[in-house]
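Order of the sequence lines fixes the chain letters, A, B, ..., with proteins taken first and strands second; residue numbering starts at 1 for each chain.
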Number of protein chains: 4
Amino acid sequence: MSPPPQKSKEEVVQEFRIQSIQDAAMRVIARKGMSAATMQEIADEAGVAKGTIYLYFRDRDELVEKTFESAITQLKARIDQAMATDAPIQQKLRDIFAAKLTFFTENREFFRLYIALRHPEGNAQQQRRHKRMCEPQYRASIDRFAQFLESAMERGEIRKMDSQRLALFIIEGTNAIVIDRVMAEAPPPEAADLDFMAELILSGIRAAEP
Amino acid sequence: MSPPPQKSKEEVVQEFRIQSIQDAAMRVIARKGMSAATMQEIADEAGVAKGTIYLYFRDRDELVEKTFESAITQLKARIDQAMATDAPIQQKLRDIFAAKLTFFTENREFFRLYIALRHPEGNAQQQRRHKRMCEPQYRASIDRFAQFLESAMERGEIRKMDSQRLALFIIEGTNAIVIDRVMAEAPPPEAADLDFMAELILSGIRAAEP
Amino acid sequence: MSPPPQKSKEEVVQEFRIQSIQDAAMRVIARKGMSAATMQEIADEAGVAKGTIYLYFRDRDELVEKTFESAITQLKARIDQAMATDAPIQQKLRDIFAAKLTFFTENREFFRLYIALRHPEGNAQQQRRHKRMCEPQYRASIDRFAQFLESAMERGEIRKMDSQRLALFIIEGTNAIVIDRVMAEAPPPEAADLDFMAELILSGIRAAEP
Amino acid sequence: MSPPPQKSKEEVVQEFRIQSIQDAAMRVIARKGMSAATMQEIADEAGVAKGTIYLYFRDRDELVEKTFESAITQLKARIDQAMATDAPIQQKLRDIFAAKLTFFTENREFFRLYIALRHPEGNAQQQRRHKRMCEPQYRASIDRFAQFLESAMERGEIRKMDSQRLALFIIEGTNAIVIDRVMAEAPPPEAADLDFMAELILSGIRAAEP
DNA sequence: CATGAATGAGAATTCATTCAT
DNA sequence: AATGAATGAATTCTCATTCAT
């Protein structure tokens with residue numbers, strides 16, 4: 001037997017630190033927005049000293065970046081799971097939307113990170129960096145969903161269309177409703193919105209032929 | 001004869017100044033993002049001194065706010081025009097999407113303002129202010145589009161659905177495609193995207209019954 | 001007969017302007033203090049445009065300086081008058097104190113200028129300039145009062161003492177009471193304070209020998 | 001044994017920092033005046049960075065306020081000590097004046113703070129704040145001295161008079177001489193001025209009856 | 001390793017002064 | 001002569017980053 005890939009105690013502690021700092025960053029950014037989130041507040045939220053953050057992240061930019069990536073990876077995992085089942089298309093769409101909705105509800109604050117992901121701020125250097133690091137993630141999530149749609153097309157479940165365009169449209173359209181739910185005081189029942197979205201996407205809005 | 005509503009020369013100059021400062025602010029915010037846009041850079045972009053901005057706007061917040069309002073008013077006017085025609089629903093949708101697309105293409109930078117509009121940053125006070133000033137604008141644009149959809153439902157052009165939800169979904173879905181076009185190096189022909197969106201919305205994605 | 005020293009109309013207008021700007025400056029400085037008094041507020045108070053002030057005064061410093069001088073000249077005139085009578089010393093002291101009190105009551109705001117006069121602010125250059133222009137005025141007023149005291153000493157009305165020191169002490173001591181009156185909501189009757197001061201100065205506070 | 005009231009090392013360092021910043025502030029305000037004293041210059045004088053000041057004082061206003069309070073507390077302590085002895089009235093007055101003189105000579109710059117204390121500047125809000133924080137201090141020092149005078153009256157050492165008025169007069173009159181000494185290039189011997197003031201207050205200026 | 005005091009570059013804002021009208 | 005819009009130097013305050021303990 002080969003020795004199990006054993007994490008040393010130090011590594012475990014290190015990963016724990018990294019994770020709790022990222023979690024703190026996520027909460028603070030969500031609360032205050034990208035640029036109003038200060039290192040001090042993140043440190044306080046994480047219960048560490050400001051300097052400690054710099055032991056694990058080169059600078060503020062890297063912290064934000066890594067925090068993004070980490071959060072997105074979580075979301076991605078859930079959606080992949082929903083896409084991987086054998087259910088019919090309508091069910092799958094519902095499941096995908098539900099995964100998103102659940103994720104955003106559990107991480108209420110995260111949709112702001114998600115938004116920030118698409119619309120970076122700051123000087124040219126920061127934007128280049130952001131582009132290099134984060135846009136591929138977004139692009140990849142579009143691509144994955146586009147592939148999912150394409151295989152549905154191939155299976156004849158949905159008609160043939162430009163899958164990239166379609167993915168973009170659906171993702172952002174559903175985002176809007178998810179965000180609206182998250183911010184609303186009394187959103188409609190979850191099931192209602194899920195059905196609404198799935199049905200809308202599948203059937204469009206045209207009045208039924210008589 | 002009633003006296004013509006004559007603007008004094010001073011008023012004209014004043015309005016011109018305000019407009020050029022707002023235009024500059026729009027370009028800079030678009031380039032750098034909400035919070036990285038400095039008064040100095042806006043002033044430089046507008047070709048005036050920093051202090052001059054303060055002659056026309058109380059402070060940075062007011063400048064950003066007024067800039068938002070002004071840009072949104074322009075966009076609103078175009079969309080209203082597209083909604084007011086007598087064309088059949090498919091044509092109208094195309095026209096509305098086209099108005100948006102044209103606006104964002106002409107004001108490439110603006111979509112970031114538009115995004116920022118929905119996702120304000122800053123401290124609690126700024127967020128409250130933003131909420132008070134800008135969210136109603138967004139909400140109103142959703143409402144207008146929802147009403148437009150409702151009258152189409154009443155005319156039997158489209159089937160009955162939750163018009164608010166529908167408006168939200170369509171607006172953000174189309175935004176995504178518009179934004180994608182604006183950022184893409186070589187977007188598909190405009191007509192293709194317009195047709196795609198209108199047809200998608202109307203018919204959904206379900207494969208035609210055999 | 002030589003032609004009377006006729007002021008041209010222009011000169012009259014000019015003097016009027018200068019005076020009303022100085023009056024305005026006095027009111028504003030009194031209200032806001034030396035350094036919080038802005039040219040804009042002084043201009044508004046005077047009912048002229050900001051630029052107009054610069055037609056009559058080289059810069060802010062000169063305006064403040066001239067305003068001081070002008071006000072002090074008025075005060076000086078009143079005190080000189082009180083010192084010039086033939087009354088016995090107690091009466092004269094009372095009259096001098098009364099002149100000060102009246103002046104400060106009529107120009108409530110002025111005591112702050114008067115204070116500022118003794119305790120200039122600003123950078124080295126401003127302080128040098130202030131020293132050159134304003135301190136002599138204060139010094140001269142002390143000197144005049146010291147001379148008044150000396151002649152009283154020579155007439156045997158008061159005993160011989162260091163007249164400079166004495167003048168300083170009396171002037172500032174009485175100022176304190178005047179200022180207190182000016183700021184108090186319900187000061188004691190004027191006569192009471194005048195008698196108090198004159199008697200205190202003349203007789204001291206020692207208990208009478210039995 | 002009760003545990004000794006032990007200051008932690010951090011507290012000691014902190015108090016030292018606060019004190020040296022206040023000392024620097026005192027010197028700079030004295031040199032340049034209330035409003036011309038900039039944070040940068042105070043920082044330079046204290047040998048710290050601008051930002052450091054903000055670690056110990058919320059903002060400029062608080063720094064100035066606390067600096068006042070601290071200096072006044074020192075002065076108060078010395079005067080209280082002089083008032084608490086059993087010496088006859090003439091000696092006590094001399095001691096009180098001497099305490100003031102020593103304090104102002106050691107802290108040459110402070111008399112300007114002291115003056116500023118009575119004559120605040122700035123906008124309405126600053127003036128209100130100043131009134132709330134600093135005027136009571138001045139008022140209290142007058143009151144303490146007035147009480148001292150009243151007990152002397154009750155012991156029959158000095159005749160009965162309005163003690164508040166008297167306190168005011170003496171304090172400001174002596175201030176004038178102290179200030180004059182501090183500014184003079186070659187002031188008379190300290191003892192001469194102390195005798196002069198004590199004797200003047202006690203006996204007044206009236207010529208002795210033959 | 002962790003800390004948090006200290007730093008100073010950089011941003012918003014004010015206001016004396018100029019100058020074209 | 002009078003105006004007041006425009007200017008930009010000067011000032012306050014913030015916060016990412018460093019480094020001695």
Between [atom2] of [N] and [atom1] of [X], the distance in whole Å:
| X | N | atom1 | atom2 | value |
| --- | --- | --- | --- | --- |
| A:Y56 | E:dC1 | OH | P | 6 Å |
| C:R60 | E:dC15 | CZ | C1' | 10 Å |
| C:I53 | E:dA16 | CD1 | P | 9 Å |
| A:I21 | E:dA2 | CD1 | C1' | 11 Å |
| B:I42 | E:dA12 | CD1 | P | 8 Å |
| B:D44 | E:dA11 | CG | P | 11 Å |
| B:E62 | E:dA12 | CD | P | 15 Å |

- Query: For D:E45, which of D:R31, D:M26, D:Q40 qualifies under side chain to side chain contact (heavy atoms under 4.5 Å, CB included)?
  - Reply: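 Passing option: D:R31.
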- Message: Could you check whether any side-chain N or O of A:S70 sits under 3.5 Å from a backbone N or O of A:K66, counting only pairs where one atom can act as donor and the other as acceptor?
- Response: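 A pair under 3.5 Å: no.
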- Query: Is the backbone of D:E62 close enough, under 3.5 Å, to the side chain of D:D59 for a donor and an acceptor to pair up by distance?
  - Reply: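 Checking the backbone N and O of D:E62 against the side chain of D:D59, a donor-acceptor pair under 3.5 Å is found.
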- Between B:A37 and D:G51, which has a closest nucleotide on DNA chain E that is more 5'?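 On the 5' side of the pair lies D:G51.
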Looking at every strand, decide which applies to [X] at a 4.0 Å heavy-atom threshold: base, sugar-phosphate, or nothing.
| X | value |
| --- | --- |
| D:T52 | base |
| C:V48 | sugar-phosphate |
| B:F57 | nothing |

- On DNA chain F, check which nucleotide each of D:M39 and B:R17 is closest to and give me the residue with the more 5' one.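 Mapping each residue to its closest nucleotide by heavy atoms, the 5'-most match is B:R17.
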- Task: Could you check A:Y54 against B:K50 and say which one's nearest nucleotide on DNA chain F is further toward the 5' end?
- Result: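 Checking each residue's closest nucleotide, the 5'-ward one belongs to B:K50.
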Enter the distance from [X]:[atom1] to [Y]:[atom2] here, rounded to the nearest 0.5 Å.
| X | Y | atom1 | atom2 | value |
| --- | --- | --- | --- | --- |
| C:T67 | C:R27 | OG1 | CZ | 11.0 Å |
| A:I21 | A:L55 | CD1 | CG | 8.0 Å |
| C:I18 | C:D23 | CD1 | CG | 12.0 Å |
| A:L63 | A:R58 | CG | CZ | 13.0 Å |
| B:F57 | B:T52 | CZ | OG1 | 11.5 Å |

- Query: Which residue, A:K50, A:K32, A:R60, forms the salt bridge (Lys or Arg N to Asp or Glu O under 4.0 Å) with A:E41?
  - Reply: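 Output: one option passes, namely A:K32.
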- Task: Taking Watson-Crick and G-U wobble pairs with both distances under 3.5 Å, convert DNA chain E into its dot-bracket string, 5' to 3', dots for unpaired and | for cross-strand pairs.
- Result: .||||||||||||||||||||
- Could you list where the contact with chain B starts and ends along DNA chain F, reading 5' to 3', using a 4.0 Å heavy-atom cut-off?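 Contacts span F:dA5 to F:dA10, reading 5' to 3'.
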